[in-house]
Amino acid sequence: MPELPEVETTMRGIAPYVCGQKIKQIIVRERRLRWPVVKEIADIKGRMIESVSRRGKYILMRLDRGTLIWHLGMSGSMRILPSGTPPEKHEHIELQLGSGLALKFKDPRRFGALLYTDTDPLQHRLLSKLGPEPLSHDFNAEYLYTACKNKSAAIKSVIMDSRIVTGVGNIYACEALFGAGIRPTRKAGRISKKRLNFLVDSIRDTLRDAIEKGGTTLQDFTQVDGKPGYFGQSLQVYGVRGPCGVCGTTISKQVQGQRSSYFCPKCQT
DNA sequence: AAAACTACCTGAGTGC
DNA sequence: TGCACTCAGGTAGTTT
């Protein structure tokens, strides 16, 4: 479920509760996530959480020694609740904090991850090859044009490639392409710089708007306080079965690279 | 080298 | 009501 806006929402939600807190206890109820949670994770007990940040879809939790790297996968979410609140089903990890509150990580599909590193987390093998953040200045028309040049792959798969730009998943790729008037199947190398400029702006606007609304709740994503995100109401093509809000043409759905693409056949060319 | 496909999981929804 | 089936927001690794 979680793409960049949901990860950002989660990160902002937990930050005030975890920053400056001591980890009194870590409980791992299920270590079989995307990668097994190592037994040595127990060693972080007693350490201080100094800061929380995001890189792509990863949440980085810097400790007074070492860094925790979290990924929400497809179905992961985090909540802050009083320590001692009975664990829900699929609540695999719990960090009990000095404040008496606890960070709880729930992930039914177990595609998420919790990793630990002693060295620079940005150099971790999972993070070192990530492309620029879509909301940073490094992601611009010039950059995207170079990345798309001579590529025969569909533009949608290019903007979902984390080595090119990080954090754009299926929902926001569909929405951003609609905003830019570009068909998801169009070959990346055959789009003008001017149109790619529209796309860069559209990706930014879409992500910012979604962050502002607390992300998208489709199945079970919730914000840290348990409330849903409200961007779902703003989706213009993703999951839409019916007319385009701009021109009235019926929204098309097409499977592309094992994943559903939604687009307006009239507005997007 | 680039593009396409596979695998990892559970749960929700659909149709019979 | 229940069973069988399809599909889902991610992404590393493998195959074509």
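What you see is a predicted model; the values in this text were computed from it and never measured. Worth knowing before you read on, the calculation uses all heavy atoms, side chains too, and leaves out hydrogens, waters and symmetry mates. Residue numbers start from 1 in every chain, and the chains themselves are labelled A, B, ... in the order their sequence lines are given, proteins ahead of strands.
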Could you say whether A:Arg109 or A:Ser162 is positioned toward the 5' end of DNA chain C, judged by the nucleotide with the nearest heavy atom to each? A:Arg109
Between C1' of C:dG10 and CD1 of A:Ile171, the distance in whole Å: 12 Å
Those residues that, when tested against A:Tyr17, pass ring-ring contact (aromatic ring centres under 6.0 Å, His included) (two or more places apart): none
note: A:Asp107, atom CG; B:dG11, atom C1'; distance rounded to Å ~ 12 Å
Tell me, which pairs form a salt bridge (charged side-chain N to carboxylate O under 4.0 Å, His left out) where one or both residues lie in residues 256-269 of chain A, sequence neighbours left out? none
When all nucleic acid strands are considered with a 4.0 Å heavy-atom cut-off, which category describes A:Ser260: base, sugar-phosphate, or nothing? sugar-phosphate
Helical stems, DNA chain C - three or more consecutive Watson-Crick or G-U wobble pairs below 3.5 Å: B:2-8 with C:10-16, B:10-16 with C:2-8
Presence of A:Ser75 side-chain N/O under 4.0 Å of C:dG9 phosphate oxygens OP1/OP2: no
Please report, rounded to the nearest Å, how far the C1' atom of C:dA8 is from the CG atom of A:Leu72. 16 Å
Over how many whole Å does the gap from A:Phe111 atom CZ to B:dA7 atom C1' extend? 8 Å
Results of salt bridge (charged side-chain N to carboxylate O under 4.0 Å, His left out) for A:Asp209 - residues two or more places apart only: A:Lys213
Touch check for A:Arg125, heavy atoms < 4.0 angstrom, all strands: base, sugar-phosphate only, or nothing? sugar-phosphate
Please report the distance, rounded to the nearest Å, between CD1 in A:Ile69 and P in C:dG10. 19 Å
Select from A:Arg34 and A:Ala153 the residue whose nearest nucleotide in DNA chain B is closer to the 5' end of that strand. A:Ala153
Positions of residues 142-151 of chain A (non-hydrogen atom under 4.0 Å from DNA chain C), listed by number: none
Sugar-phosphate, base or nothing in reach of A:Arg32, heavy atoms under 4.0 Å: nothing
Taking atom P of C:dA12 as reference, at what distance in whole Å does atom NE2 of A:His124 sit? 11 Å
Out of B:dA3, C:dG9, B:dG11, which nucleotide sits closest to the side chain of A:Asn170? C:dG9
Counting only side-chain N and O atoms of A:Tyr172, is one of them less than 4.0 Å from OP1 or OP2 of C:dG9? no
Residues joined to A:Ile27 in its hydrophobic cluster, side chain to side chain under 4.5 Å directly or through other members, sorted by chain and number, are none
Are A:Gln258 and B:dA4 close enough that a side-chain N or O sits under 4.0 Å from OP1 or OP2? no
Looking at A:Arg29 and A:Glu94, does any basic side-chain N land under 4.0 Å from a carboxylate oxygen? yes
Roughly, in whole Å, what's the span from NE2 in A:His71 to P in B:dC8? 19 Å
Which residues in residues 85-95 of chain A have at least one heavy atom lying under 4.0 Å from any atom of DNA chain B? A:Lys89, A:His90
Which pairs count as ring-ring contact (aromatic ring centres under 6.0 Å, His included) when at least one residue sits in residues 41-67 of chain A, sequence neighbours excluded? A:Tyr58-A:His71
Least distance between heavy atoms, A:Arg163 atom then A:Tyr143 atom: O-OH, 4.0 Å
Counting only distance, no hydrogens or angles, is the base of B:dC9 paired donor-acceptor with the side chain of A:Arg110 under 3.5 Å? no
Value in whole Å for how far the P atom of B:dA1 lies from CG of A:Asp161: 15 Å
Who are the salt bridge (charged side-chain N to carboxylate O under 4.0 Å, His left out) partners of A:Glu212, not counting sequence neighbours? none
Other hydrophobic cluster members with A:Phe198, side-chain heavy atoms of Ile/Leu/Val/Met/Phe/Trp/Tyr under 4.5 Å, chained? none
Is the side chain of A:Ser75 donor-acceptor paired with the backbone N or O of A:Arg109 at a distance under 3.5 Å, no angle test? yes
List for me each residue that meets side-chain contact (heavy atoms from CB on, under 4.5 Å) alongside A:Glu133, sequence neighbours excluded, and say none if there are none. A:Leu4, A:Arg54, A:Arg55, A:Ser136, A:Thr166
Using a 3.5 Å cut-off and no angle test, enumerate the donor-acceptor pairs between side-chain atoms of residues 188-195 of chain A and protein atoms at least two apart in sequence or in another chain.
from: A:Ser192; atom 1: OG; to: A:Arg195; atom 2: N; distance (Å): 3.2
from: A:Lys193; atom 1: NZ; to: A:Glu142; atom 2: OE1; distance (Å): 3.2
from: A:Arg195; atom 1: NH2; to: A:Gly181; atom 2: O; distance (Å): 2.9
from: A:Arg195; atom 1: NH2; to: A:Thr269; atom 2: O; distance (Å): 3.3
from: A:Arg195; atom 1: NH2; to: A:Thr269; atom 2: OG1; distance (Å): 3.4

Passing option when A:Asn170 is tested against A:Lys156, A:Glu3, A:Glu175 for side-chain hydrogen bond (donor to acceptor under 3.5 Å, both in side chains): A:Lys156
